Protein chains: 2
Amino acid sequence: MSIELDSVDWALLEALQEDARLSYNELARRVHVSPPTVAQRVRRLENAGVITGYRATVDPTAVGRPVIALVRMKCYGPRCITVHPELLDDCPEVVEVVRLTGDICSVVKVVTTSISELERLLVRLGGYGETSSAMVLSTPIPWRPVQAG
Amino acid sequence: MSIELDSVDWALLEALQEDARLSYNELARRVHVSPPTVAQRVRRLENAGVITGYRATVDPTAVGRPVIALVRMKCYGPRCITVHPELLDDCPEVVEVVRLTGDICSVVKVVTTSISELERLLVRLGGYGETSSAMVLSTPIPWRPVQAG
DNA sequence: TTTGAAATATGCAAAAT
DNA sequence: ATTTTGCATATTTCAAA
């Protein structure tokens, strides 16, 4: 399931994590190989499941969704949302669900327009388990690239 | 700080959240405007801070970092990592820090090669505050686009 | 916002290392 | 076996309307 990555692969991964829209030409200049080689390497990384996608990151506050929260769930057994994430298909406010070890079965990140929308969502999530929520004040480190190390 | 988004802007945002590498040509076909208009709209969204970046998503397990955890921090007052995130500049294993309301001051997502590396990191984080960690078993919903609603 | 022409970038096949 | 070169196609950018 794992593939060997050389220094060219890592350089491409780091560049694409920083800016997913870099052209193969620009990537070629940065990692000192030819554009067709970049294209071939990138496709290999995609096919091997190393690169799982390319996403524009949107600032929720800038699009009118300033109320963000993390909700810790203790689900009621068989209705656990980690086992049936499709239960949340009609909740676009839910942007991430992570399943955890321990007594908390998952953490759910929600992005909403207002406190009252958050409240409605907590009622909905409360149907699947015990919830405990905390609002996101800021994101001191919003993300970091996975590095060669 | 907020700008008005029409249906073309939202269509572009949704398309670029799904696939950040779509060409302006392809975007133009999908949203039924000309390529230069797409380029101009996208630049406007970038400059307005709506789009904060474009990132390739890398599967940590596929690159030899299968041990992922969420660490809840109760920092020791003035050394709080939410106030001084630069304290973690030399910890590439830390990929996200979110500051929260409540008695937990932040949640830190860490991506490591092994349990022993995770342990070393927890010792390090323990220097800044009380830690409580849970390992990530899976990510039933890894992300969702922010939608027009 | 669109059109059209110039500059760039991409993808394929063949050759080279 | 992988990488590069060269060429044909496609895309991006800029100017003008």
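Excluded from the calculations below are hydrogen atoms, water molecules and symmetry mates; all remaining heavy atoms, backbone and side chain alike, are included. What you are looking at is a predicted structure, and each value in this text was computed from that prediction instead of being measured. Letters A, B, ... are given to chains in the order of the sequence lines, protein chains preceding strands, and every chain is numbered from 1.
With sequence neighbours excluded, no residue forms a side-chain contact (heavy atoms from CB on, under 4.5 Å) with B/Gln40. In this structure A/Arg124 satisfies the side-chain hydrogen bond (donor to acceptor under 3.5 Å, both in side chains) test together with A/Asp90, A/Tyr128, sequence neighbours excluded.
By the 4.0 Å N-to-carboxylate-O rule, A/Arg29 lies close enough to A/Glu26 to be salt-bridged with it.
Although no hydrogens or angles enter the test, the distance criterion places a donor-acceptor pair under 3.5 Å between the side chain of A/Arg144 and the main chain of B/Val94. Without hydrogens or angle criteria, B/Glu14 side chain to B/Ala148 main chain gives a donor-acceptor distance under 3.5 Å. A/Asn47 places no side-chain N or O within donor-acceptor distance of the main-chain N or O of A/Arg44, the cut-off being under 3.5 Å. Using modelled atom types, one side-chain atom of B/Thr52 and one backbone atom of A/Thr57 make a donor-acceptor pair closer than 3.5 Å.
Near DNA chain D, meaning a heavy atom under 4.0 Å away, the residues from residues 24-41 of chain B are B/Tyr24, B/Asn25, B/Arg29, B/Pro36. Residues from residues 7-19 of chain A with heavy atoms under 4.0 angstrom of DNA chain D: there are none.
Bending across the helix from C/dT1-D/dA17 to C/dT17-D/dA1, expressed as the angle between its end axes from five pairs apiece, amounts to 40° (10° rounding).
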Please test A/Arg65 against A/Thr113 for side chain to side chain contact (heavy atoms under 4.5 Å, CB included), starting from the C-alpha separation and ending with a verdict. CA-CA 4 Å; A/Arg65 281 151 183 81; A/Thr113 56; 3.9 Å; yes

Passes side chain to side chain donor-acceptor pair (under 3.5 Å), B/Ser114 versus B/Ser116? Steps please. CA-CA 5 Å; B/Ser114 64; B/Ser116 61; 3.2 Å; yes

Would you sort out whether B/Thr82 and B/Leu100 count as a side chain to side chain contact (heavy atoms under 4.5 Å, CB included), showing the intermediate values? CA-CA 9 Å; B/Thr82 64; B/Leu100 298 176; over 6 Å; no

Evaluate the side chain to side chain contact (heavy atoms under 4.5 Å, CB included) criterion for residues A/Glu93 and A/Val111: first the C-alpha distance (whole Å), next the side-chain angles of each, then the deciding distance (0.1 Å), finally the verdict. CA-CA 5 Å; A/Glu93 302 88 356; A/Val111 170; 5.8 Å; no

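Per the geometry, CG belonging to A/Asp6 stands 11 Å off P belonging to D/dT2, to the nearest Å. Per the geometry, CZ belonging to A/Arg43 stands 15 Å off C1' belonging to D/dT3, to the nearest Å. The distance between atom CZ of B/Arg21 and atom C1' of D/dT11, rounded to the nearest whole Å, is 13 Å.
Note on B/Ser23: a side-chain N or O is less than 4.0 Å away from OP1 or OP2 of D/dT12.
The span of DNA chain C lying next to chain A, judged by atoms under 4.0 Å from heavy atoms, is bounded 5' to 3' by C/dA9 to C/dC12.
When all heavy atoms are compared, the tightest approach of B/Leu22 to A/Arg21 is O-NH1, 2.8 Å.
Annotation for A/Glu46: atom CD counts as buried by contact number, over 12 foreign heavy atoms lying within 6.0 Å.
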